[in-house]
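Each remark here refers to the structure printed beneath this line.
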Protein chains: 2
Amino acid sequence: MRAEALKGHLDGLLLAALEEGPQHGYAVKEALRESTEGRIDLPSGTIYPALHRLEQAGLITGTWSVVGGRRRRTYELTSDGREALSGERDRWQEFAGAVTAALRTRPWPTTT
Amino acid sequence: MRAEALKGHLDGLLLAALEEGPQHGYAVKEALRESTEGRIDLPSGTIYPALHRLEQAGLITGTWSVVGGRRRRTYELTSDGREALSGERDRWQEFAGAVTAALRTRPWPTTT
DNA sequence: CTTCATAAGTAGCATTGCTATATATAGCGA
DNA sequence: TCGCTATATATAGCAATGCTACTTATGAAG
């Protein structure tokens, strides 16, 4: 997967992963990897800064905890986040439809 | 359409627009706008630098001409460009599939 | 003569995901 | 005990890319 492909679409994926319920960063990463059958496997240098951005934007809230001796930051969608997710889904539909249309082969000016 | 959404996908769209036959920049812009029903309407500051990049990458070749008093640079796909377009289409399929899967609502761990 | 569509271009910016690297704990195998 | 792997989080700095804003120029319409 080319590096830039994801640009502008990551936030939606992270929000979607958190829709199922509160998750910590590492779990989000795993969830994304599983839901896409390994096609989207983000490095930690992508996922953590992105979660920080989302938190600062007020779309998720995080709380620290310690589980099994390891500290965790568990994130949860805010209501703004839920709204944003809905918007991201809409925009993805629109975007994907447009790109698919533009990418479609148009063999020749048929009488459309 | 959010600014970053297109990042990493523009090249494929431009190549696809040129698949129908040689076109100059402005015509590519129009073709893209029409094939997406106005959803993708690129500013000239996006389209011309991008075409330059594609030319430098050897995916398209351009030739100057003057039509109706206005100078034009007409671009044409190279064989590398054709190959690249095919690759872009594949990658788009893969990417779109992955994002769609990740964005899908998973209401709850049903017995899937 | 002004305005709009056509046609091409560039400088500089903002955003964003990635690489590389660091820290720390738990558990397993040798 | 030592080393390795998985878990868990984090940051500095980079590279890439599309966009904004602006410029230049012609032809047609009013």
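Lettering follows sequence order; numbering is per chain, from 1. Values in this document were obtained by computation on a predicted structure and should not be read as measured data.
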[X] [atom1] to [N] [atom2], straight-line distance once rounded to whole Å:
X: B:H9; N: D:dT17; atom1: NE2; atom2: C1'; value: 12 Å
X: B:L51; N: D:dC19; atom1: CG; atom2: C1'; value: 15 Å
X: A:L6; N: D:dA16; atom1: CG; atom2: P; value: 18 Å
X: B:L54; N: D:dA16; atom1: CG; atom2: P; value: 15 Å
X: B:Y48; N: D:dG18; atom1: OH; atom2: C1'; value: 16 Å

Axial bend angle, the helix from C:dC1-D:dG30 to C:dA30-D:dT1: five-pair end segments, nearest 10°: 10°
Chain A contact limits on DNA chain C, taken 5' to 3' with a cut-off of 4.0 angstrom to heavy atoms: C:dT16 to C:dA26
Taking only distance into account, with no hydrogens and no angle test, what donor-acceptor pairs under 3.5 Å do side-chain atoms of residues 64-75 of chain B form with protein atoms, sequence neighbours excluded?
{"residue": "B:R73", "atom": "NH2", "partner": "B:E55", "partner atom": "OE2", "Å": "2.7"}
{"residue": "B:R73", "atom": "NH2", "partner": "B:G62", "partner atom": "O", "Å": "3.0"}

List in chain and number order the residues that pass side chain to side chain contact (heavy atoms under 4.5 Å, CB included) with [X], two or more places apart in sequence or in another chain; answer none if no residue qualifies.
X: A:E34; result: A:E30
X: B:D90; result: B:S86
X: A:R91; result: A:E88, B:R2

Enumerate donor-acceptor pairs with a distance under 3.5 Å from any side-chain N or O in residues 44-51 of chain B to protein atoms, sequence neighbours excluded.
none

Members of residues 58-65 of chain B that approach DNA chain C, where some heavy atom sits under 4.0 Å away: B:W64
Test side chain to side chain donor-acceptor pair (under 3.5 Å) applied to B:R53 - qualifying residues, sequence neighbours left out: none
When the side chains of residues 78-85 of chain B are checked against the rest of the protein, which donor-acceptor pairs come out under 3.5 Å, sequence neighbours left out?
{"residue": "B:T78", "atom": "OG1", "partner": "B:G58", "partner atom": "O", "Å": "2.7"}
{"residue": "B:T78", "atom": "OG1", "partner": "B:L59", "partner atom": "O", "Å": "3.1"}
{"residue": "B:T78", "atom": "OG1", "partner": "B:D80", "partner atom": "N", "Å": "3.4"}
{"residue": "B:T78", "atom": "OG1", "partner": "B:G81", "partner atom": "N", "Å": "3.0"}

Sugar-phosphate, base or nothing in reach of B:L10, heavy atoms under 4.0 Å: sugar-phosphate
Chi angles and distances behind the side chain to side chain contact (heavy atoms under 4.5 Å, CB included) call for B:K29, B:D41: CA-CA 7 Å; B:K29 170 186 149 71; B:D41 190 3; 3.1 Å; yes
side-chain hydrogen bond (donor to acceptor under 3.5 Å, both in side chains) contacts in which one or both residues fall within residues 92-101 of chain A, not counting sequence neighbours: A:W92-B:T100, A:T100-B:W92
Residue-phosphate contact under 4.0 Å: B:R53 side-chain N/O, D:dG18 OP1/OP2: yes
4.5 Å side-chain heavy-atom contact, A:L10 and A:L42: yes
Base versus backbone protein contacts along nucleotides 22-30 of chain D [heavy-atom cut-off under 4.0 Å; B, S, -]: ----BB---
